[in-house]
Amino acid sequence: QVQLVESGGGLVQAGGSLRLSCGASGRTFSMAGRGWFRQAPGKEREFVCAIGWNSGITYYADSLKGRFTISKDNAKNTAYLEMNNLKPEDTAVYYCAAGVTPSTSASTYNYWGQGTQVTVSS
């Protein structure tokens with residue numbers, strides 16, 4: 001089992017920044033992919049970005065490139081999502097996920113965090 005805990009969400013004004021963290025514990029040795037997804041009210045969960053835990057290769061949703069950055073700290077078993085120039089349409093619950101490989105598809109991830117709310121006011 002793997003446990004994921006997100007933190008860092010909150011309320012921010014448009015144009016502001018937030019950094020989300022995703023700490024992992026448990027049997028993480030086989031989880032070579034870590035992803036971030038988000039879900040806004042009334043919408044489907046959508047891919048934000050992902051990173052290969054060993055390779056460091058990153059993947060981004062095209063619409064978010066340049067504003068969002070994923071990174072990792074292997075020693076802390078923690079992934080980060082840096083979000084800049086936030087817009088009201090970025091308001092959503094942000095989820096961290098772990099899987100055997102980084103992927104843009106939510107169905108390939110085995111474990112999910114509880115989510116953290118990000119609200120961007122105009």
Side-chain angles (χ1 to χ4, degrees):
Q1 289 288 341
V2 173
Q3 294 78 41
L4 301 172
V5 178
E6 302 101 333
S7 61
L11 174 64
V12 63
Q13 288 187 332
S17 299
L18 280 176
R19 188 175 83 153
L20 306 183
S21 300
C22 173
S25 60
R27 300 173 64 85
T28 62
F29 59 89
S30 61
M31 298 292 108
R34 201 71 57 87
W36 286 97
F37 291 77
R38 67 184 184 183
Q39 188 166 17
K43 295 187 177 181
E44 293 186 352
R45 190 169 298 190
E46 66 170 341
F47 170 74
V48 174
C49 55
I51 190 166
W53 203 248
N54 301 314
S55 67
I57 297 174
T58 57
Y59 309 82
Y60 292 94
D62 288 341
S63 61
L64 300 176
K65 283 181 182 177
R67 293 196 300 122
F68 287 21
T69 303
I70 188 171
S71 61
K72 62 184 177 73
D73 184 330
N74 290 61
K76 295 181 179 180
N77 215 345
T78 299
Y80 302 96
L81 175 62
E82 182 78 29
M83 305 182 292
N84 297 311
N85 191 22
L86 282 161
K87 304 175 181 181
E89 51 264 42
D90 294 319
T91 295
V93 177
Y94 284 71
Y95 297 92
C96 170
V100 295
T101 186
S103 170
T104 63
S105 173
S107 63
T108 65
Y109 288 88
N110 304 92
Y111 300 98
W112 292 81
Q114 81 288 352
T116 185
Q117 176 71 46
V118 171
T119 303
V120 184
S121 63
S122 57

At what distance, to the nearest 0.5 angstrom, does [atom1] of [X] lie from [atom2] of [Y]?
| X | Y | atom1 | atom2 | value |
| --- | --- | --- | --- | --- |
| Asn54 | Lys72 | CG | NZ | 7.0 Å |
| Ser122 | Lys87 | OG | NZ | 14.0 Å |
| Ser21 | Leu4 | OG | CG | 12.5 Å |
| Ser71 | Arg34 | OG | CZ | 11.5 Å |
| Ile51 | Tyr80 | CD1 | OH | 11.5 Å |
| Tyr94 | Thr116 | OH | OG1 | 10.5 Å |

Yes or no on side-chain contact (heavy atoms from CB on, under 4.5 Å) for Tyr111 and Gln3, after CA distance, side-chain angles and deciding distance?
-> CA-CA 7 Å; Tyr111 300 98; Gln3 294 78 41; over 6 Å; no
Is there a donor-acceptor contact under 3.5 Å linking the side chains of [X] and [Y]?
| X | Y | value |
| --- | --- | --- |
| Thr78 | Asp73 | no |
| Ser25 | Asn77 | no |
| Ser103 | Thr101 | no |

Could you walk me through whether Tyr59 and Ile57 pass the side-chain contact (heavy atoms from CB on, under 4.5 Å) test, one step at a time?
-> CA-CA 7 Å; Tyr59 309 82; Ile57 297 174; 3.6 Å; yes
Looking at side-chain heavy atoms only, is the closest gap between [X] and [Y] below 4.5 Å?
| X | Y | result |
| --- | --- | --- |
| Leu20 | Glu6 | no |
| Val93 | Arg38 | no |
| Trp53 | Thr28 | no |
| Leu64 | Cys49 | no |

Ignoring hydrogens and angles, tell me if any N or O in the side chain of Arg67 forms a donor-acceptor pair with the backbone of Asn85 under 3.5 Å.
-> yes
Counting N and O atoms only, with roles assigned by atom type, does the side chain of Glu46 sit under 3.5 Å from a partner on the main chain of Gln39, one being a donor and the other an acceptor?
->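 No; judged by distance alone, with no hydrogens or angles, the pair does not exist.
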Which pair of non-hydrogen atoms, one from Ala40 and one from Ala92, has the smallest distance, and what is that distance?
-> N-CB, 3.8 Å
Which atoms form the tightest heavy-atom contact between Thr69 and Tyr60, and what is the distance?
-> CA-OH, 3.3 Å
Validation row, ring centre Tyr109 to ring centre Phe37 under 6.0 Å =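 So the answer is yes for these two rings.
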Does the side-chain contact (heavy atoms from CB on, under 4.5 Å) test come out yes or no for Leu18 and Leu86, once each step is laid out?
-> CA-CA 8 Å; Leu18 280 176; Leu86 282 161; 4.2 Å; yes
Please work out whether the ring planes of Tyr95 and Trp112 are parallel, tilted or perpendicular, with thresholds of 30° and 60°.
-> perpendicular
Would Val118 and Asp90 satisfy side-chain contact (heavy atoms from CB on, under 4.5 Å), going step by step from the backbone distance to the final call?
-> CA-CA 8 Å; Val118 171; Asp90 294 319; 5.5 Å; no
